[in-house]
Structures are given as C-alpha cells and as structure tokens.
Amino acid sequence: FVTFETAPLSALLSGSVAVMGQIVSVKESIPQEDFTQRKIFVGGLQPEVDETQLSTMFCQYGPISSTQIIRNRDTQASRGFGFVVFDSEHACRQALARFPG
C-alpha cells in the first residue's frame, strides 16, 4: 500500500474514469498489513463489466497481477465494485495519479 507523506490523500484521489461508458470511482485499498500499495478499489461498475475488461482499462499503467469483481455469493451478480492488483507499486501510483477517485 502507498503511504503518502506530503500530499493529502483526498487531493490525489478526486476524479473518476469511464469503463464501458459508466463513470466509476478509483480509490486506494486500505491495507490489512504493512504492504506496499499495489491494490486499488474500483467502484461504480456496470453489471456487465468483467475482470478482463477491468484489466484492459488499467493495464496501460503497468503489469497487473490480478483483477477481481466482487459478486453476490448467492446469485454471482456483480456488486458494482472490484479491485485491481498491479505487479508494482509504481504502476499502482500511476493509476491512482491518473484516476484520482
């Protein structure tokens, strides 16, 4: 996870991005342990957006380790948000800088 020492996080995360024509929000993912920041939250996803489309949207910022769309455990319908995990902290920072949420 990224720890910002100088700029307020709200200043870095104050924008949005369109995925399949839908405006979605991109935010940092809160670490459960002391990791380097490689994971971002993406909210406001249309139900049709899948992991491949999510990966395609963010791969321009660097290699991606994984993407995950969070689904209802009973119906498997998208809950409208997911996560992107980059291979590097640098790629994650690039995405957060481009799509402040």
Side-chain angles (χ1 to χ4, degrees):
F1 289 80
V2 174
T3 303
F4 297 99
E5 294 180 2
T6 57
L9 195 53
S10 60
L12 296 170
L13 303 174
S14 60
S16 59
V17 60
V19 175
M20 293 183 61
Q22 175 70 26
I23 300 298
V24 299
S25 59
V26 178
K27 300 178 181 171
E28 84 281 7
S29 179
I30 305 301
Q32 293 181 347
E33 298 177 24
D34 189 21
F35 290 99
T36 58
Q37 175 71 28
R38 296 186 310 123
K39 185 176 186 178
I40 61 172
F41 167 87
V42 182
L45 296 172
Q46 289 289 321
E48 303 82 31
V49 175
D50 63 18
E51 284 82 356
T52 300
Q53 292 164 321
L54 195 58
S55 180
T56 299
M57 183 64 200
F58 289 95
C59 69
Q60 62 187 310
Y61 301 101
I64 294 174
S65 298
S66 66
T67 56
Q68 180 184 20
I69 302 292
I70 304 304
R71 300 184 182 283
N72 177 295
R73 76 177 82 168
D74 296 327
T75 67
Q76 294 303 303
S78 171
R79 294 183 57 200
F81 67 94
F83 298 93
V84 177
V85 179
F86 291 93
D87 283 353
S88 71
E89 185 175 356
H90 176 75
C92 183
R93 280 193 216 141
Q94 294 284 93
L96 286 172
R98 172 58 182 94
F99 300 113

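A distance of 4.5 Å separates CD1 of Ile69 from CG of Leu54, quoted to the nearest 0.5 Å. Glu48 contributes atom CD, which lies 8.5 Å from atom CD of Gln53 (distance to the nearest 0.5 angstrom). Taken to the nearest 0.5 Å, the OG atom of Ser66 stands 9.0 Å off from the CG atom of Asp87. Rounding to the nearest 0.5 Å places OG of Ser55 at 10.0 Å from CG of Asp50. Residue Phe86 holds its CZ atom at 9.5 Å from CD of Gln94, rounded to the nearest 0.5 Å.
Closest heavy-atom contact between Ser65 and Arg38: OG-NH1, 3.5 Å. Of all heavy-atom pairs between Ile64 and Phe58, the closest is CD1-C, 3.7 Å.
Counting only heavy atoms from C-beta outward, the side chains of Ile40 and Leu96 approach each other to under 4.5 Å.
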Show which side-chain atoms of residues 75-83 pair as donor or acceptor with protein atoms under 3.5 Å away, not counting sequence neighbours.
| unit_1 | atom_1 | unit_2 | atom_2 | d |
| --- | --- | --- | --- | --- |
| Thr75 | OG1 | Asn72 | OD1 | 3.4 |
| Thr75 | OG1 | Ala77 | N | 3.2 |
| Gln76 | NE2 | Asn72 | O | 3.4 |
| Gln76 | NE2 | Arg73 | O | 3.3 |
| Ser78 | OG | Gly80 | N | 3.0 |

